Colleague: 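Structure provided below as structure tokens; questions to follow.
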Amino acid sequence: MWKSLHIDPAKCTGCLQCEMACSYEHTGVFNPSKSRIKVFNFEAEGRKVPYTCTQCTEAWCLNSCPVDAIRIDLSTGAKMVFEDTCVGCKVCTIACPFGTINYNQDSGKVQKCDLCDGNPACVEACPTAAITYIDADWTGLDKMRSWAAKANTPTTAA
Amino acid sequence: MGWNRKVLRVDLTAGTCREEPLNMKWAQDYLGSRGLATKYLVSEIDPKVDPLSPENKMIMSTGPLTGTMASTGGRYTVVTKGPLTGAIACSNSGGYFGAELKFAGWDMIIFEGKSPKPVYLYIENDKAELRDAAHLWGRSCWETEETIKHELQDPLVRVSSIGLAGENEVMFACVVNDLHRAAGRSGVGAVMGSKNLKAVALRGTKGVSGIHDFKAFMKATTEAKKVLADNAVTGQGLPKFGTQVLMNVINEMGALPTRNHRDVQFEDAGKISAEAMHEKRESDGKAQLVTNAACFGCTIACGRISEIDKGHFTVKNSPKYWGASGGLEYEAAWALGAANGVGDIEALQYANMICNEQGMDPISFGATVGAVMELYDMGVLDAAKIGIDSPFGSAEALAKLVEMTASGEGFGKEIGLGSKRLCEKYGHPELSMSVKGQEFPAYDSRGIQGMGLAYATSNRGACHLRGYTVASEVLGIPVKTDPLTTEGKPELVKAFQDATAVFDSAGICVFTSFAWTLADVQPQLDAACEGDWSMDKLNEVGERIWNMEREFNNAAGFTAKDDNLPPRLTTEPAKTGPAKGLVNGLATMLPEYYKVRGWTPDGVPTAETKARLGL
């Protein structure tokens with residue numbers, strides 16, 4: 001069963017623990033500039049929004065790669081960049097409608113969220129549960145539950 | 001490790017930027033940030049130097065935990081000799097700027113001399129250069145940040161700058177980063193202005209790699225974060241209500257200084273409290289508070305983001321203030337509100353925004369307005385002199401004076417001198433509610449006795465962040481003490497002062513100490529830094545930093561006579577509340593404090609104390 005990263009921006013405080021955790025997981029250094037998840041701050045609205053790859057089924061990045069350097073990890077569903085194959089042509093960064101795959105000057109390759117082998121570091125690090133990792137088929141479950149709770153039904157069947 | 005081991009020295013007179021290695025011997029003795037930067041400063045400047053002269057220096061410094069996953073590890077300190085006090089000035093700030101400095105590969109920046117023309121410093125990793133800032137001079141902190149991001153075509157750059165207040169050398173001007181985070185007190189922004197340095201813009205992509213033991217560090221920081229999350233203050237109170245959670249609590253204790261400390265309880269405290277920020281306004285059905293927010297790395301998130309009432313008289317014709325912006329913290333709400341008797345929370349938010357926009361300490365500004373209103377009440381000052389009717393409680397006066405002070409217009413120029421100089425000028429030095437020239441924060445020391453001693457002995461003048469005995473006397477952290485007695489307070493003040501010096505020097509936020517003791521910080525530092533970082537050593541480092549600052553002040557000309565409180569607090573009893581009839585018992589506490597510190601009866605560290613601390 002695959003899981004999805006699920007983001008609730010209303011819970012984000014902008015602390016950037018997720019960016020540090022992501023960079024540490026992938027580079028061994030605390031370095032938000034190399035994070036694959038980014039938090040955006042819409043100052044005048046008081047909104048902070050974490051944003052990262054949603055692992056599209058028909059992934060534009062994967063389909064556009066001329067050297068097949070982006071493949072699916074069957075255990076997690078993550079679209080993975082294989083650095084040995086990637087030639088750094090950046091076509092995927094143009095193809096992705098969401099901007100969540102980006103070039104890394106240090107490695108000369110592209111990088112994107114790989115779901116950390118099924119244990120995303122950003123989720124572990126988030127202090128407010130703004131980022132969770134939940135059943136990919138039921139990302140709407142919490143929302144459904146909250147609406148269900150509002151249904152005006154009797155407590156016991158007649 | 002924990003440090004980048006690299007210092008940037010900027011000679012503003014010559015216009016040069018030079019790299020030098022960090023003094024690692026000093027790093028072992030003074031840790032980082034506040035302690036280490038102060039060591040550099042006191043080693044390099046004459047203590048008697050004029051704070052606004054080119055001979056003064058200004059240092060921006062990170063600590064070993066800045067830019068790491070340690071909770072609240074995003075802080076940097078601005079250290080200099082302060083113009084408001086003439087004492088050591090040391091103000092720290094959160095936001096994202098401090099971590100970015102670390103990510104660019106530096107530990108600290110030392111600014112010396114004075115630039116012949118306005119400049120800003122731009123750092124991109126190893127590259128550092130001074131750039132022309134003629135087009136930024138005369139602009140606010142907000143415009144400066146926006147303009148720099150635009151001209152560098154880099155939205156990810158982090159900016160720290162001064163606004164009009166710093167340019168005009170307002171004695172309590174601050175340095176503002178990330179729009180509404182500030183190195184707030186003692187006038188560090190005026191020093192920056194005196195050097196013709198408008199801003200520092202940073203972009204760091206190197207990250208922090210120098211952690212001594214990453215595995216132990218991740219374990220220690222994760223455990224410490226859990227302590228914050230499980231604590232009622234840091235886990236619930238601060239995220240929901242911010243520091244404003246204190247307004248009603250302190251008012252009920254009879255320790256909320258009101259109308260220039262004439263009273264100790266404010267009848268409108270409820271109207272300017274955290275609860276009021278959550279309440280929906282009648283005018284537009286919205287609460288002033290939009291959300292809470294965190295500084296870099298902070299898992300508490302006490303910051304307030306607020307939206308002013310668009311129809312309020314202060315902003316109805318100024319749409320630029322209508323969006324969400326930095327909101328009222330307790331100290332600002334008190335200084336702009338209770339200290340002046342103003343109960344209009346929208347007016348407070350307006351004054352708070354101007355302080356952020358133009359880089360001004362709302363505590364010293366608000367408290368100085370409190371003194372002006374008292375002088376007005378006594379007939380010493382009038383509307384013609386001030387430029388507006390200024391009775392206690394006037395939101396109109398507050399709003400007008402905040403603009404005038406930042407821009408140095410008319411009487412605003414005199415408010416910009418701070419309450420000590422202003423009250424002296426008008427023949428009533430006793431009305432300045434300050435110590436060593438710096439205004440009190442939001443706790444009346446008649447109702448919280450230990451704070452009287454903490455204020456009197458604070459190395460940067462009256463301040464709550466140098467020895468916050470409120471934690472013990474009000475909240476029972478780490479142990480409850482009686483706020484109405486002086487007993488045991490000298491030891492308590494010393495313990496808080498020394499521990500706080502370590503928190504500040506580590507690069508973390510002192511608000512963690514609502515939940516953390518030094519024992520929670522120690523494993524994080526020990527994993528981050530090479531060398532021995534035992535509890536014994538940390539205690540010694542804290543005490544060493546405190547004594548070093550004291551020695552600088554003594555050399556600058558301060559004596560035991562300056563460890564004092566205004567007569568109002570030691571001779572005029574509190575009129576209402578639990579402290580009714582009490583004055584502060586400083587005279588009882590001070591000699592005992594000197595003894596506990598290992599100082600002479602004149603407040604000078606003895607040769608023995610200095611030898612013990614390696615000073």
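By convention in this document, chain letters (A, B, ...) are assigned in the order of the sequence lines, proteins followed by strands, and residues within each chain are numbered from 1. What you see is a predicted model; the values in this text were computed from it and never measured.
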Colleague: Quick check: under 4.5 Å, non-hydrogen atoms only, which of residues 152-161 of chain B neighbour chain A?
Modeller: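 Listed by number: B/Arg158.
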Colleague: Side chain, backbone, both or neither: which part of B/Phe214 has a heavy atom under 4.5 Å from chain A?
Modeller: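 Both backbone and side chain.
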Colleague: Do you know which of B/Ile305, B/Thr68, B/Thr72 has the most heavy-atom pairs with chain A at a distance under 4.5 angstrom?
Modeller: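 Of the options given, most contacts go to B/Thr68.
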Colleague: Determine whether B/His180 and A/Glu43 satisfy the following criterion, side-chain contact (heavy atoms from CB on, under 4.5 Å), listing intermediate values before the conclusion.
Modeller: CA-CA 11 Å; B/His180 40 70; A/Glu43 192 66 44; 2.7 Å; yes
Colleague: Which region of B/Thr291, side chain (C-beta onward) or backbone (N, CA, C, O), has a non-hydrogen atom less than 4.5 Å from a non-hydrogen atom of chain A, or is it both or neither?
Modeller: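 Side chain of B/Thr291 only, per the 4.5 Å heavy-atom cut-off to chain A.
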Colleague: Non-hydrogen atoms of chain A under 4.5 Å away: do they reach the side chain of B/Ala229, the backbone, both or neither?
Modeller: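 No part of B/Ala229 comes within 4.5 Å of chain A.
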Colleague: Evaluate whether atom NZ of B/Lys320 has more than 12 neighbouring non-hydrogen atoms of other residues, nucleotides or ligands under 6.0 angstrom away.
Modeller: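 Yes, because the 6.0 Å sphere around NZ of B/Lys320 holds more than 12 heavy atoms from other groups.
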Colleague: Let me know if B/Phe217 has heavy atoms under 4.5 Å from chain A in its side chain, its backbone, both or neither.
Modeller: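 The side chain, not the backbone.
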Colleague: Name the option with the most non-hydrogen atom pairs under 4.5 Å to chain A; the candidates are B/Arg203, B/Glu307, B/Met218.
Modeller: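 Ranked by heavy-atom pairs under 4.5 Å with chain A, first place is B/Met218.
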Colleague: Give the interface residues of residues 2-16 of chain A toward chain B, defined by a heavy-atom separation under 4.5 Å.
Modeller: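 Hits under 4.5 Å: A/Thr13, A/Gly14, A/Cys15, A/Leu16.
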Colleague: Using non-hydrogen atoms and a 4.5 Å limit, figure out which bit of B/Ile300 sits close to chain A: side chain, backbone, both or neither.
Modeller: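 Neither part.
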Colleague: Just wondering, do B/Phe296 and A/Met20 contact through their side chains at under 4.5 Å, heavy atoms?
Modeller: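 A side-chain contact exists here, since the closest heavy-atom pair is under 4.5 Å.
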Colleague: Can you list the residues of residues 108-147 of chain A that sit under 4.5 Å from chain B, counting heavy atoms only?
Modeller: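 If one takes a 4.5 Å heavy-atom cut-off, the residues of residues 108-147 of chain A near chain B are A/Ala125, A/Pro127.
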Colleague: When rounded to the nearest 0.5 angstrom, what distance separates CD in A/Gln17 from SG in B/Cys298?
Modeller: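 Spacing of CD (A/Gln17) from SG (B/Cys298) equals 9.0 Å.
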Colleague: Quick one: what part of B/Lys102 sits under 4.5 Å from any heavy atom of chain A, side chain, backbone, both or neither?
Modeller: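 Neither part, no heavy atoms under 4.5 Å.
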Colleague: Quick check on A/Glu45 against chain B: is it the side chain, the backbone, both or neither that has a heavy atom closer than 4.5 Å?
Modeller: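 It is the backbone, since no side chain atom gets that close.
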Colleague: With only heavy atoms counted, which part of B/Val208 is less than 4.5 Å from chain A, the side chain, the backbone, both or neither?
Modeller: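 Both backbone and side chain of B/Val208 come within 4.5 Å of chain A.
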Colleague: Please check if the number of heavy atoms outside B/Glu143 that lie under 6.0 Å from its CD is greater than 12.
Modeller: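 Counting neighbours around CD of B/Glu143, more than 12 heavy atoms of other residues, nucleotides or ligands fall under 6.0 Å, so yes.
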Colleague: If you check every heavy atom in residues 24-33 of chain A against those of chain B, which residues fall under 4.5 Å?
Modeller: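 The residues closer than 4.5 Å to chain B, in numerical order, are A/Tyr24, A/Gly28, A/Val29, A/Phe30, A/Asn31, A/Pro32, A/Ser33.
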Colleague: Looking only at heavy atoms, which two atoms of A/Ala21 and B/Met69 are closest? And how far apart?
Modeller: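 Nearest pair, atom of A/Ala21 first, then B/Met69: CB-CE, 3.7 Å.
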